[in-house]
Amino acid sequence: MKLRILFGLALICLVSSVAFAQSIYVDYDHSLDFSQYHTYAWGQQPNPNQIKNPFLAQEAQTQINAQLQSKGLQLVPESQNPDLIVLTSGGMKTQVYYNAWSTGGWRWGGGMGTITPEQSVIGTLVVDLYDTKAKQMAWRGTGQGTLNESKSEKNRQLVVKAVSKMFQKYPYPPNNK
């Protein structure tokens, strides 16, 4: 019975440590030829899901610009009919995880243990690229990671890393691996 409890506590610790990893998900319309895209513009429509932190929003835009330009796309005003429109969204949610600690007590009993609930803030960044001619979504990148409420530089680095990982999966130019 004690072995099951310790195994359960170890499993909780393992799951809570995995929750801190940054996860990236990218999907796109595989029927599109991404070599046809040469220009992009930032969407100017009101976005109720816009990134609330202005510094993180600016960093995301800077990183996305750098990634798209490295793929051969050129930023133009929306009035010049770009091939793609870029929109970003962001959100945060509080997640509770449990930290378990035990002194043992395997054979003779008498061990002590505690489980402490702790909270973390999970941030989500979504980057959408819309094909203006087809009027449909062409590509979407989503990144999630734990934000640090006291260190804004750490959060900025998370945005940089997330955008970089997303655009590694951009389908053009094709990867020559």
Side-chain angles (χ1 to χ4, degrees), residues 3-30 40 42-71 73 75 84-104 111-130 137-172 175 177:
L3 184 60
R4 284 187 185 175
I5 292 171
L6 288 175
F7 178 73
L9 293 176
L11 185 61
I12 289 172
C13 288
L14 178 65
V15 169
S16 67
S17 67
V18 171
F20 289 117
Q22 186 180 52
S23 63
I24 303 296
Y25 175 76
V26 173
D27 199 6
Y28 60 94
D29 185 338
H30 293 268
Y40 72 97
W42 285 88
Q44 301 302 316
Q45 303 81 10
N47 181 358
N49 297 316
Q50 70 185 13
I51 301 168
K52 303 294 186 229
N53 181 315
F55 299 111
L56 291 180
Q58 181 61 42
E59 186 62 40
Q61 185 171 359
T62 299
Q63 295 303 315
I64 293 165
N65 282 337
Q67 290 293 328
L68 287 171
Q69 290 167 11
S70 76
K71 303 294 183 188
L73 282 92
L75 175 62
L84 295 170
I85 295 291
V86 181
L87 293 176
T88 58
S89 302
M92 292 186 282
K93 70 176 181 177
T94 302
Q95 180 175 344
V96 177
Y97 63 96
Y98 298 91
N99 194 356
W101 173 83
S102 173
T103 61
M112 294 176 16
T114 182
I115 298 176
T116 308
E118 296 185 22
Q119 292 184 346
S120 62
V121 176
I122 305 298
T124 301
L125 171 66
V126 179
V127 180
D128 291 327
L129 303 179
Y130 290 93
M137 186 180 302
W139 184 93
R140 170 174 273 182
T142 305
Q144 272 193 336
T146 303
L147 297 176
N148 189 318
E149 294 183 72
S150 62
K151 295 183 181 174
S152 60
E153 178 60 25
K154 179 79 170 165
N155 295 337
R156 190 191 71 72
Q157 290 171 356
L158 285 170
V159 168
V160 170
K161 186 176 176 183
V163 172
S164 175
K165 282 182 175 180
M166 283 180 204
F167 281 93
Q168 285 176 357
K169 298 178 182 182
Y170 186 81
Y172 187 82
N175 292 336
K177 293 181 181 179

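Quick caveat, the model's predicted, so the values are computed rather than measured.
Minimum heavy-atom separation, Q22 to A162: NE2-CB, 3.4 Å. Between D29 and M137, the shortest heavy-atom distance links the atoms CB-O, 4.3 Å. V163 and L125 get closest at one heavy-atom pair: CG2-CD2, 3.8 Å. In terms of heavy-atom proximity, L158 sits nearest to T146 at CD1-O, 3.0 Å. Shown here for I64 and V86, the closest heavy-atom pair between the two residues is CG2-CG1, 4.1 Å. When all heavy atoms of Y172 and Y170 are compared, the closest pair comes out as O-CD2, 2.9 Å.
The shortest side-chain heavy-atom distance between N49 and V126 does not fall under the 4.5 Å cut-off. Residues F55 and S152 fail the side-chain proximity criterion, which asks for heavy atoms closer than 4.5 Å.
Atoms OH and CD, on Y25 and Q144 in that order, are 13.0 Å from each other to the nearest 0.5 Å. Within the model, atoms CG of D128 and CD1 of I85 stand 12.0 Å from one another, a figure rounded to the nearest 0.5 Å. In this structure, NZ on K169 lies 7.5 Å from CD1 on I24, to the nearest 0.5 angstrom. Note: T88 OG1 to W42 CH2 = 5.0 Å, rounded to the nearest 0.5 Å.
Residue pairs meeting the salt bridge (Lys or Arg N to Asp or Glu O under 4.0 Å) criterion with at least one partner in residues 47-67, sequence neighbours excluded, are E59-R156.
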query: Q61 and I51: side chain to side chain contact (heavy atoms under 4.5 Å, CB included), yes or no, with the steps?
result: CA-CA 10 Å; Q61 185 171 359; I51 301 168; over 6 Å; no
task: Show your reasoning for whether side chain to side chain contact (heavy atoms under 4.5 Å, CB included) applies to Y40 and L129.
output: CA-CA 9 Å; Y40 72 97; L129 303 179; over 6 Å; no
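No donor-acceptor distance shorter than 3.5 angstrom exists from the side chain of S164 to the backbone of K161, with no hydrogens or angles considered. A donor-acceptor pair under 3.5 Å is absent between the side-chain atoms of K165 and the main chain of G143, judged by distance alone.
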